[in-house]
Novice: 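This is the structure, below, for whatever I ask next.
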Amino acid sequence: MTPTPHRTNPRPQGTNAHPLRFGYGTNGLADLRLDDALALLADLGYDGVGLTLDHMHLDPLAPDIAARTRKVARRLDALGLGVTVETGARYVLDPRRKHGPSLLDPDPADRARRVDLLIRAVRIAADLGAHAVHCFSGVLPADPAHLADPAAPAHPAATADPAEDSAWKRLAETLIPVLDAATHAGVPLAVEPEPGHLLATLADFHHLRRILGDPPALGLTLDIGHCQCLEPLSPADCVRAAAPWLRHVQIEDMRRGHHEHLPFGDGEIDFPPVLEALAATGYQALTVVELPRHSHAGPHFAAQSLPFLHRAARAIPAGAEGSTP
């Protein structure tokens with residue numbers, strides 16, 4: 001399966017000349033039909049969309065998913081929108097457990113359901129011409145003691161917690177078939193460090209990367225708000241540090257120590273340096289606004305977010321784009 005070329009949306013005259021391409025996540029437009037959401041984003045001037053696979057939009061478990069995907073691909077082409085596929089839907093697999101089951105669940109059958117979803121997402125992404133498939137690790141089970149193997153030999157990269165070490169091993173092993181599918185499809189898997197999850201930080205991403213032997217299909221989703229929330233580096237420095245592995249970027253405002261996705265201007269992030277750093281890496285895939293708890297006013301926040309990002313990007317000094325960090 002060969003992915004179709006990335007789509008680009010011509011940038012209107014008079015806007016910033018930076019190489020960044022902005023999208024908006026459908027998890028922040030959950031009250032709109034997918035076709036209406038795509039039309040809205042195209043009308044507003046977005047370059048693309050972060051498409052969360054979910055029951056209200058492109059349901060990955062629908063029996064006619066192949067036909068639905070073809071229809072969405074044609075619509076994206078007609079609107080000139082690029083796309084990345086996101087898999088963070090809250091209840092797409094389990095109506096009672098948020099983000100359940102995860103890649104860390106104790107039940108192998110439950111883990112297999114998450115793996116099946118991610119492999120479906122890879123296939124959908126390839127058919128859409130998406131630049132990446134996003135995923136995250138999930139949280140440790142409420143009682144992770146069952147993960148520990150007291151007979152297991154110590155590992156040089158092991159943490160002080162045997163249960164956590166076993167969780168990392170489980171995560172890596174569970175991702176192998178997904179990475180195989182991503183390699184075959186030519187679509188990178190972009191793992192997101194998520195506050196509260198096993199894989200929560202950039203350091204955690206590198207830990208997973210080393211366990212897996214640094215496979216080419218494994219990339220990184222960098223959420224700029226998460227950098228502000230808990231990383232020791234500034235968001236701009238996080239971008240520079242993550243540059244070799246960047247495959248997808250999410251963006252919103254946030255405050256230090258509080259994992260709450262905020263509209264631009266409501267948090268603490270200084271965005272021009274972040275976008276300057278991102279432009280300097282040569283990153284050309286989508287930078288997607290993620291406001292999943294603002295769907296009640298999704299069209300309003302979509303309309304407000306793009307001008308904010310364009311203003312911030314216009315502050316990028318000449319020559320910053322396309323340079324190396």
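One is the number of the first residue; the rest follow in order along the sequence.
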Novice: Any sub-3.5 Å donor-acceptor pair from Arg120's side-chain atoms to Pro60's backbone N or O?
Specialist: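 The answer is yes, because a donor-acceptor pair under 3.5 Å joins these two groups.
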
Novice: Identify the heavy atoms of Leu202 and Glu231 that sit nearest to each other, and give their distance.
Specialist: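 Of all heavy-atom pairs spanning Leu202 and Glu231, the closest is N-OE2, 2.8 Å.
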
Novice: Within the 4.5 Å heavy-atom criterion, are Pro263 and Gln304 side-chain neighbours or not?
Specialist: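 Counting from C-beta outward, Pro263 and Gln304 never come under 4.5 Å.
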
Novice: Is there a side-chain contact (heavy atoms from CB on, under 4.5 Å) between Thr26 and Glu86? Walk through the geometry before answering.
Specialist: CA-CA 9 Å; Thr26 58; Glu86 305 206 9; over 6 Å; no

Novice: Is there a path of hydrophobic side-chain contacts, each under 4.5 Å between heavy atoms, that joins Leu51 and Leu286?
Specialist: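 No, it is not one cluster - the side chains of Leu51 and Leu286 are not joined through contacts under 4.5 Å.
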
Novice: Looking only at atom types and distance, does a side-chain atom of Arg247 sit under 3.5 Å from a main-chain N or O of His134, one as donor and one as acceptor?
Specialist: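 Checking the backbone N and O of His134 against the side chain of Arg247, no donor-acceptor pair under 3.5 Å is found.
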
Novice: Carefully, step by step, assess His131 and Gln284 under the rule side-chain hydrogen bond (donor to acceptor under 3.5 Å, both in side chains).
Specialist: CA-CA 10 Å; His131 66 76; Gln284 295 182 347; over 6 Å; no

Novice: Please determine which of Leu128, Asp127, Val122 meets the side-chain contact (heavy atoms from CB on, under 4.5 Å) test together with Ile124.
Specialist: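 Testing each of Leu128, Asp127, Val122 against Ile124, the sole residue satisfying side-chain contact (heavy atoms from CB on, under 4.5 Å) is Leu128.
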
Novice: Which residues, ordered by chain and number, are linked to Val139 in its hydrophobic cluster, where ILVMFWY side chains connect at heavy-atom gaps below 4.5 Å, directly or through other members?
Specialist: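 Its cluster mates, by chain and number: none.
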
Novice: Considering all heavy atoms of both residues, which atom of Phe264 and which atom of Ser305 are nearest to each other, and what is their separation?
Specialist: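 Closest heavy-atom pair between Phe264 and Ser305: CE1-CB, 3.7 Å.
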
Novice: Do Leu53 and Met56 share a hydrophobic cluster (ILVMFWY, side-chain heavy atoms under 4.5 Å, transitive)?
Specialist: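 In one cluster with Leu53: Met56, no.
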
Novice: What's the separation between atom CD in Glu173 and atom CG in Leu103, rounded to the nearest 0.5 Å?
Specialist: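 If we round to the nearest 0.5 Å, Glu173:CD and Leu103:CG are 12.5 Å apart.
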
Novice: I need the minimum non-hydrogen distance between Ala236 and Val274, along with the two atoms involved.
Specialist: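 What the structure gives for the nearest pair is N-CG2, 4.0 Å.
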
Novice: Please find the pair of heavy atoms, one from Pro101 and one from Asp110, that lie closest to each other, and give the distance.
Specialist: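 Looking at all heavy atoms of both residues, the shortest contact is CG-O, 3.3 Å.
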
Novice: With heavy-atom distances below 4.5 Å as the criterion, would you say the side chains of Val49 and Leu29 are in contact?
Specialist: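 SC-SC contact between Val49 and Leu29 ruled out.
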
Novice: Around Arg256, counting heavy atoms of other residues, nucleotides and ligands shown, do more than 12 lie under 6.0 Å from its CZ?
Specialist: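 Yes, enclosed.
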
Novice: Below 4.5 Å, heavy atoms only, C-beta onward: do Ile176 and Leu212 meet side chain to side chain?
Specialist: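 Yes, their side chains come closer than 4.5 Å.
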
Novice: Any idea which heavy atoms bring Cys227 and Pro235 closest together, and the distance?
Specialist: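 Of all heavy-atom pairs spanning Cys227 and Pro235, the closest is CB-CA, 3.9 Å.
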
Novice: Rounded at 0.5 Å granularity, tell me how far CG in Leu175 sits from CZ in Arg114.
Specialist: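 So the gap between those two atoms works out to 11.0 Å.
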
Novice: Kindly indicate whether the side chain of Ile251, heavy atoms from C-beta on, has any atom under 4.5 Å from the side chain of Phe271.
Specialist: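 Side-chain contact under 4.5 Å: yes.
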
Novice: Look at the side chain of Asp253 and the backbone N and O of Gly265, then say whether any donor-acceptor pair between them is shorter than 3.5 Å.
Specialist: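 A pair under 3.5 Å: yes.
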
Novice: Does Asp107 use its side chain to pair, donor to acceptor, with the backbone of Ala109 at less than 3.5 Å?
Specialist: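 Confirmed, Asp107 side chain pairs with Ala109 backbone.
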
Novice: Thr87 versus Val92: any side-chain heavy-atom pair under 4.5 Å?
Specialist: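 Heavy-atom side-chain distance check fails, nothing below 4.5 Å.
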
Novice: Begin with the C-alpha distance, continue with both residues' side-chain angles, and end with the deciding distance and a verdict on side-chain contact (heavy atoms from CB on, under 4.5 Å) for Trp245 and Leu222.
Specialist: CA-CA 9 Å; Trp245 301 277; Leu222 187 69; over 6 Å; no

Novice: Group every Ile, Leu, Val, Met, Phe, Trp and Tyr by side-chain heavy-atom contacts under 4.5 Å, then state whether Phe136 and Trp168 land in the same group.
Specialist: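 No, Phe136 and Trp168 fall in different hydrophobic clusters.
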
Novice: Please round to the nearest 0.5 Å and tell me the distance separating atom NE2 of His294 and atom CD of Glu252.
Specialist: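 Those atoms lie 10.5 Å apart.
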
Novice: Do the side chains of Val178 and Leu93 join up, straight or via other hydrophobic residues, at under 4.5 Å, putting them in one cluster?
Specialist: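 No; Leu93 is not reachable from Val178 via cluster members.
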
Novice: Return yes if some donor-acceptor pair links the side-chain N/O of Thr221 with the main-chain N/O of Ala190 below 3.5 Å, else return no.
Specialist: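 Yes: the side chain of Thr221 pairs with the backbone of Ala190.
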
Novice: Looking at every non-hydrogen atom in both residues, tell me the closest pair between Tyr46 and Leu306 and how far apart they are.
Specialist: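 Minimum heavy-atom separation between Tyr46 and Leu306: OH-N, 3.3 Å.
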
Novice: Just how far is it from atom OG of Ser102 to atom CG of Leu198, taken to the nearest 0.5 Å?
Specialist: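 Output value for this atom pair is 9.0 Å.
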
Novice: Check for a donor-acceptor pair, side chain of Tyr283 on one end and backbone N or O of Val239 on the other, with a separation under 3.5 Å.
Specialist: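 Checking the backbone N and O of Val239 against the side chain of Tyr283, no donor-acceptor pair under 3.5 Å is found.
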
Novice: Are Lys169 and Asp165 within salt-bridge range, i.e. N to O under 4.0 Å?
Specialist: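 Salt bridge between Lys169 and Asp165, a charged N being under 4.0 Å from a carboxylate O: no.
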
Novice: So, Asp116 and Arg113, do they make that salt bridge, N to O below 4.0 Å?
Specialist: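 Looking at Arg113 together with Asp116, the answer is no, because their closest N to O distance does not fall below 4.0 Å.
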
Novice: How are the rings of His261 and His259 set to each other: parallel, tilted or perpendicular (split at 30° and 60°)?
Specialist: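 Aromatic pair His261/His259 classed tilted.
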
Novice: Within the side chain of Ser295, is there an N or O that forms a donor-acceptor pair under 3.5 Å with the backbone of Ala30?
Specialist: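 Indeed, once roles are kept as given, a pair shorter than 3.5 Å links the two residues.
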
Novice: Please tell me if the side chains of Val72 and Arg68 come closer than 4.5 Å, counting only heavy atoms from C-beta onward.
Specialist: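 SC-SC contact between Val72 and Arg68 ruled out.
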
Novice: Is the shortest heavy-atom distance from the side chain of His99 to the side chain of Arg90 under 4.5 Å?
Specialist: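 With C-beta onward as the side chain, the pair touches.
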
Novice: List the steps, then state whether side-chain contact (heavy atoms from CB on, under 4.5 Å) holds for His310 with Phe22.
Specialist: CA-CA 9 Å; His310 281 166; Phe22 296 120; 3.9 Å; yes

Novice: May I ask you to say whether Asp237 pairs ionically with Arg240, meaning some side-chain N is under 4.0 Å from a carboxylate O?
Specialist: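 Salt bridge between Asp237 and Arg240, a charged N being under 4.0 Å from a carboxylate O: yes.
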
Novice: Counting distance only, does the side-chain N/O of Asp43 pair as donor-acceptor with the main-chain N or O of Leu40 below 3.5 Å?
Specialist: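 No; judged by distance alone, with no hydrogens or angles, the pair does not exist.
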
Novice: Determine whether the side chains of His226 and Gln250 contain a donor N or O and an acceptor N or O closer than 3.5 Å.
Specialist: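 The criterion, which ignores hydrogens and geometry beyond distance, is not satisfied for Gln250 and His226.
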
Novice: Considering residues at least two apart in sequence or located in another chain, which fulfil the side-chain contact (heavy atoms from CB on, under 4.5 Å) criterion with Thr183?
Specialist: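 Testing Thr183 for side-chain contact (heavy atoms from CB on, under 4.5 Å), a comparison that skips the adjacent residues, returns Ala217.
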
Novice: Can Leu117 be reached from Val133 by stepping across I, L, V, M, F, W or Y side chains whose heavy atoms are under 4.5 Å apart?
Specialist: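 They do not share one cluster, since no chain of ILVMFWY contacts under 4.5 Å joins Val133 to Leu117.
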
Novice: Indicate yes or no: at least one non-hydrogen side-chain atom of Gln228 is less than 4.5 angstrom from one of Ile224.
Specialist: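 With C-beta onward as the side chain, the pair stays apart.
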
Novice: How far does CD1 of Ile316 sit from CD of Glu276, to the nearest 0.5 angstrom?
Specialist: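 Answer for the CD1-CD pair, Ile316 versus Glu276, is 6.5 Å.
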
Novice: Taking atom CZ as the centre, does Arg97 end up with more than 12 heavy-atom neighbours from other residues, nucleotides or ligands that are less than 6.0 angstrom away?
Specialist: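 More than 12 within 6.0 Å, yes.
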
Novice: Working to the nearest 0.5 Å, report the span between CZ of Arg75 and CG of Asp77.
Specialist: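 Taking CZ in Arg75 and CG in Asp77, the distance rounds to 11.5 Å.
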
Novice: State plainly whether the residues Asp105 and Arg111 are in salt-bridge range, i.e. N to O under 4.0 Å.
Specialist: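 Here Asp105 does not pair with Arg111 in a salt bridge, since their nearest N and O are not under 4.0 Å apart.
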
